[in-house]
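Reading through the structure tokens given below for one structure.
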Amino acid sequence: MSGRLRTAASRVPEVAVSTALLLLAAVLNIGFYLPEVPAAPGGVDVPGTDKAFHAGVFALTVWALGRVLAPPAALSPSGRTRRFPIGWVVLGCLAHAVVIELVQGALLAGRSASVADVAADAVGIAVGVGLWALERRLRGPGSRPSPAAEHQSRGMTISSA
């Protein structure tokens with residue numbers, strides 16, 4: 001198997017993980033549109049759980065979207081860093097946060113709109129962008145072998161003359 005095919009094949013699990021994370025985020029986002037807030041396990045209501053859920057779901061959503069739309073070279077199926085403006089992900093998620101609250105306030109009898117929920121969503125968006133940027137930095141071009149190292153692993157040498 002050539003080095004290029006072997007490298008592409010090794011990225012398949014990472015693409016599957018990124019896709020699975022994005023699907024999980026999508027399923028969790030559906031929870032915001034349920035007619036009632038699901039009860040906590042054991043009936044225990046811990047203050048702030050709702051806000052933590054909002055922040056966590058939005059952090060996962062932004063991070064997963066970033067991994068799929070603009071992965072670092074180490075995760076990209078092509079082996080190259082893709083440049084996708086993460087700002088569009090941020091704007092889309094902020095709009096989604098507002099829509100969630102409008103739907104909850106206007107269409108769901110058992111729910112109410114909350115500015116605090118939008119604020120928690122914004123915190124989650126910031127955390128998600130931070131995770132995406134950190135992963136991109138840690139797994140960027142420096143995490144892949146240099147062309148010289150790839151050639152040496154194939155038994156070739158590159159002279160600097």
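All values reported here derive from a predicted model rather than from experimental measurement.
- Both Trp88 and Val129 are part of a single hydrophobic cluster, where members link through side-chain heavy atoms under 4.5 Å apart.
- Looking at heavy atoms from C-beta onward, Val123 lies out of side-chain contact with Lys51 at the 4.5 angstrom threshold.
- The two residues Gly128 and Val62 make their nearest non-hydrogen contact at C-CG1, 3.7 Å.
- Here the closest non-hydrogen pair linking Val68 and Ser18 is CG2-O, 3.8 Å.
- Leu65 and Cys93 get closest at one heavy-atom pair: CD1-SG, 4.3 Å.
- Put simply, the side chain of Asp117 does not reach to within 4.5 Å of the side chain of Ile100, judged on heavy atoms.
- Under a hydrophobic-cluster definition in which Ile, Leu, Val, Met, Phe, Trp and Tyr are linked whenever side-chain heavy atoms come within less than 4.5 Å, directly or via other members, Leu107 and Val99 are assigned to the same cluster.
- Closest heavy-atom contact between Leu108 and Tyr33: CD1-O, 3.6 Å.
- With a 4.5 Å cut-off on side-chain heavy atoms, Val17 and Leu21 count as touching.
- At a threshold of 4.5 Å between side-chain heavy atoms, the hydrophobic network of Ile, Leu, Val, Met, Phe, Trp and Tyr places Val57 and Val103 in one connected group.
- For the atom pair CG of Leu131 and CH2 of Trp63, the computed distance is 7.0 Å after rounding to the nearest 0.5 Å.
- When all heavy atoms of Ile86 and Gly66 are compared, the pair lying nearest together is CD1-CA, 4.1 Å.
- Once rounded to the nearest 0.5 Å, the distance linking CG of Leu60 with CG of Leu24 reads 5.5 Å.
- Residues Arg111 and Leu34 come closest through the heavy atom pair NH1-O, 2.7 Å.
- In terms of modelled atom types and a separation under 3.5 Å, the side chain of Glu101 and the main chain of Ser114 share a donor-acceptor contact.
- For the atom pair NE2 (His54) and CG (Leu28), the distance works out to 12.0 Å, reported to the nearest 0.5 Å.
- Side-chain heavy atoms closer than 4.5 Å link hydrophobic residues (I, L, V, M, F, W, Y) into clusters, and following such links, possibly through other members, connects Val127 to Val89.
- Cluster membership check: Leu22 shares its hydrophobic cluster with Leu91, using side-chain heavy-atom separations under 4.5 Å among Ile, Leu, Val, Met, Phe, Trp and Tyr.
- The structure places CG of Asn29 at 8.5 Å from CG of Asp121, a figure rounded to the nearest 0.5 Å.
- Ring planes of His96 and Phe32: perpendicular class, angle over 60° (limits at 30 and 60°).
- Arg136 places a side-chain N or O within donor-acceptor distance of the main-chain N or O of Ala70, the cut-off being under 3.5 Å.
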